[in-house]
Amino acid sequence: MSEVAPGQVVLEVRGIVKRFPGVVANDHVDLQVRAGEVLALLGENGAGKTTLMNIIYGLYTPDEGEIYVMGRRVHIRGPKDAISLGIGMVHQHFMQVEELTVLENIILGLREFGIILDTEKAKRMLEEAFQRYGLRVDPDAYIWQLSAGEKQRVEIMKALFRGAKILILDEPTSVLTPQETKELFKTLRKFVEGGMAVIFITHKLQEVMEVADRIVVMRRGKVVGRLMREEATIPQLARLMVGREVLFRIEKGEARPGEVVLRVEGLRAMSDKGVEAVKGITFSVRKGEIVGVAGVAGNGQKELVEVLYGLRRPTAGRVTLFGKDVTGEPTHRIIKFGISLIPEERVTMGIVPTFSVADNLILEIVDREPFSQKVFDGLRKLSFENIEKYAEELIRKFDIRTPSSKTKAGYLSGGNIQKLILARELSRGAYLIIADQPTAGLDVGATEFIRNLLVKARDSGNAVFLVSGDLSEVLSLSDRVMVMYEGEITAVFRPGELPIEEIGLYMLGAKKMPKEEVERFWE
Amino acid sequence: MTPEQISSILNLMVVMATPLAFAGVGELYAERSGILNLGVEGIMLMGAFTSFYVAHETGNLLLAYLAGVAVGLALGLLMAFMSVSMRLNQVIAGMGIYFFGFGLSDFMYKTIYGTEYASIEKAHQIAVPLLSKIPIIGNAFFVQYPSVYLMYVLIPVMWYLLYRSRWGLHLRAVGENPRAADTLGVNVTLIRYLATVLGAALAGLAGAVLCVEITGIFFENLTFGMGFIAIGLVYFGRWDPLRMWAGTMLFGLSWSIAMSLQDYFSRIGKMHWVYFMLMIPYIVVLLALIAVSRKARAPAALSKPYWRETSE
């Protein structure tokens, strides 16, 4: 691509329509991107942002509409066409081959290094590119060894190495720490000063205000607003995005912590890869409080949750519930002891997608009265009438949007599946609720609803253990917070006690509180 | 044991390993691209029958080898069409190919030759000048059938291509994460077709080798499960051609030793032991598989069809 003047329109789409079975993902979308600007594409999940970008990148074929690059009409039949037009995309879920090295991932698909790969030449060119763009990752490291921030740099380099002048980033900050996010924004500013165009897809309003020059808001497949950053305000963007007024507030009063419900001492556990993922951690959760775990994904949170719920055997340490030792108990007993889990893997772990909503709601209590009734000793039968009644009640109480209680749970939207799980887990009389990434991937409305439910559970005397990759969620919901880094607790505090930059340092392992201080915090 | 006996045991080891190595490295390539081809056994049977037929009719052994390759190619195309284009369940598609090859090879043999005893002039072992004069090893490795020499070259070359060439990189990427490869302009469909067809062609060749070099005749189920052993050896080799090759030698060696023991037991008249010995190679492979199975990590996209347009 030849040099372009700043402000020149480099990419334009007109009247793009894309239908999937049952939905119109893009409904006559028009969009212009100029050289030297960061364009933020704002919208909730399912608004059609990613679909639109996949069309521009050639992954989807549009049903209608035209695409222009540098004023010329183009037909993009696949990523190969997009790449040769100077379009690069950084996907939300990194498109990387974990078992290959950084270098191999970056040169994948390129022809210029010969049939027998000239890795020396490739490495030399890559080092030059690292220099030029001020990014660096070890070219010989395997992807699975990298942190999320490093993976993202690889992803950006993949695009730049192919000469991308139009860079699309899909929800790039969802996996980053505050520091890494800041770094990324700086890098993006540098790119656009160099004449590139950046399309930044997000649903986070704060980020839009921080990094964008121009903002396009999408809702239900349509563009509903185009603004310059200077003329935009957060409430206005939120209204455009959601289609109604949004309260950025969680109804949350003072916590009234009671007796200790869960106590964990010196807990250790291995990951699936056979390395120690939880390295001797100690904490406790009291009745009527929310304890939050902050940290970058993959620092042992998953393994910790699995141990607490009996899905993974600890290698050392003790877990007690109301003083009773439950270490290493199997899951079905953990459930009976009164621990609830709202799992990260909503569809695969949280529900049985092919079962009805009603059946999913009574999964763990199907053997209790009045759902199963005694016929004579040794034989019980299910009462579908009572199951139905119970399901109808929960659907109403938790506002689960479903055509009926007989609908298969897999057909519900993400937010409604999550409401179903919460309805089940909060209604079966548990003492401790473990919520793992409870709002990840949900839209603003559902997120608001679910956060308020967790606070309500706390206020009614439950102990809540919250694990979330969304730092602002941890800070706004929790009464006490612990930061996990590489399987250890690196910091403990109450929200408001530490500035966000410092929390970021603990999340990255750059700073660490002494062990005694951490343990004293839970006394 | 005399040096001659050791040499002849090793010689038979290499002979028995050769068809497995062809079928195995072919399957390895297919699996590295994400296609699990369980039809290897059936393709080998069809390759064996076709090469037997061509050798019997023309007397030209080179044509016989090529016929085996050709029929493998055709069946590979069928497998690729079913699993890549139609996105069928690969286990079902592969089993279909197996039963098809098993039944059709036997049916055609019986239809064409009936109960008549048919045999072909087998290929001869060729001595390599100089190298064949090395004590023990010379006679074992360098007085061999033509396909053995092909194997000596082919497996290292395929290893090299897999790890050092652009195609090999694309192949590995497609088998691990086809979407990532696709987003960089790698043609997932083409690579999976090529790998599957190449793998099946090599399985066809393996069948031809069995018939033309080892048995000289055809009969029902002539492969005795070697196609499935080849699939097992891919796991044993943890998807690395050289490790897989070592596995074929292990199978070849246990087969060769079992044959020697069979001779011994039949000489002293203990016939039940003769049949028992036939089981040894399979037990050895089973044990070897159990030993390495904990470390084996299959290509992440193995047996998963790829579809570019899915709504997320």
Side-chain angles (χ1 to χ4, degrees), chain A residues 18-23 25 45-46 48 50-51 54-55 57-61 77-84 88-101 103-119 122 143-144 155 158-159 161-162 170 273-274 441, chain B residues 28 31-34 156-192 194-195 198 237-241 243 292-302 304 306-312:
Chain A
K18 177 72 183 174
R19 299 181 191 91
F20 286 116
V23 290
N45 292 300
T50 303
T51 302
N54 279 338
I55 288 171
Y57 197 59
L59 281 169
Y60 296 164
T61 323
R77 286 183 198 81
K80 221 173 181 165
D81 293 351
I83 291 165
S84 66
M89 181 150 172
V90 175
H91 299 265
Q92 180 179 12
H93 307 288
F94 299 138
M95 295 290 171
Q96 289 165 3
V97 186
E98 295 269 324
E99 297 297 314
L100 298 183
T101 65
L103 182 75
E104 286 177 322
N105 268 282
I106 291 177
I107 66 171
L108 186 61
L110 292 177
R111 299 181 151 268
E112 57 200 277
F113 301 108
I115 286 166
I116 301 302
L117 293 167
D118 185 350
T119 38
I143 298 296
W144 55 265
E155 204 67 1
K158 259 163 61 178
F161 201 64
R162 287 165 173 72
D170 191 359
K273 285 195 169 151
Chain B
L28 191 147
E31 290 194 14
R32 275 289 183 134
S33 83
V157 165
M158 288 189 70
W159 174 84
Y160 186 78
L161 288 177
L162 183 62
Y163 290 111
R164 295 288 132 80
S165 76
R166 188 170 78 217
W167 302 324
L169 178 61
H170 289 187
L171 187 76
R172 286 181 288 141
V174 164
E176 287 288 339
N177 188 344
R179 183 163 286 271
D182 190 15
T183 56
L184 293 176
V186 173
N187 191 333
V188 177
T189 305
L190 180 68
I191 287 194
R192 289 192 161 174
L194 286 178
L198 172 72
R238 285 184 264 148
W239 292 269
D240 177 280
R243 268 201 294 259
V292 298
S293 63
R294 282 177 64 88
K295 278 198 223 142
R297 198 201 136 277
L302 182 60
K304 293 190 186 114
Y306 176 62
W307 194 293
R308 183 188 275 177
E309 299 213 13
T310 47
S311 70
E312 279 142 311

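The analysis underlying the following values was restricted to heavy atoms, covering all of them including side chains, and did not include hydrogens, waters or symmetry mates.
No part of A:Arg19 comes within reach of chain B, as not one of its non-hydrogen atoms sits under 4.5 angstrom from that chain. Within the 4.5 angstrom heavy-atom criterion, atoms from both the backbone and the side chain of A:Thr61 approach chain B. In this structure, chain A has heavy atoms under 4.5 Å from both the backbone and the side chain of B:Asp182. The part of A:Ile83 that comes within reach of chain B is its side chain, from C-beta onward, which places non-hydrogen atoms under 4.5 angstrom from that chain.
Closest of all the heavy-atom pairs between A:Gly78 and B:Arg308 is CA-NH1, 3.9 Å. Across A:Pro79 and B:Gly185, no two heavy atoms sit closer than the pair CB-N, 4.2 Å.
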Applying side chain to side chain contact (heavy atoms under 4.5 Å, CB included), run through A:Leu100 and B:Arg172 and close with a yes or a no.
CA-CA 8 Å; A:Leu100 298 183; B:Arg172 286 181 288 141; 3.5 Å; yes

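The shortest distance between side-chain heavy atoms of A:Glu98 and B:Glu176 does not fall below 4.5 Å. Looking at A:Gln96 and B:Asn177, their side chains never come closer than 4.5 Å, going by heavy atoms from C-beta outward. Inter-residue side-chain proximity for B:Leu184 and A:Arg162 is flagged as met; some heavy-atom pair is nearer than 4.5 Å.
No other option in A:Ile116, A:Asp118, A:Leu110 has as many heavy-atom pairs under 4.5 Å with chain B as A:Ile116. With chain B as partner, the option from A:Lys158, A:Met89, A:His91, A:Arg111 having the largest number of non-hydrogen pairs under 4.5 angstrom is A:Arg111.
Shown here is B:Arg297, whose CZ atom has more than 12 heavy atoms of other residues, nucleotides or ligands within 6.0 Å.
In this structure, the separation between CG on A:Leu117 and CH2 on B:Trp167 is 10.5 Å, given to the nearest 0.5 Å.
A search for ring-ring contact (aromatic ring centres under 6.0 Å, His included) contacts involving B:His170 returns nothing, not counting sequence neighbours. Taking the ring-ring contact (aromatic ring centres under 6.0 Å, His included) definition, one finds that A:Phe161 meets it with nothing, sequence neighbours left out.
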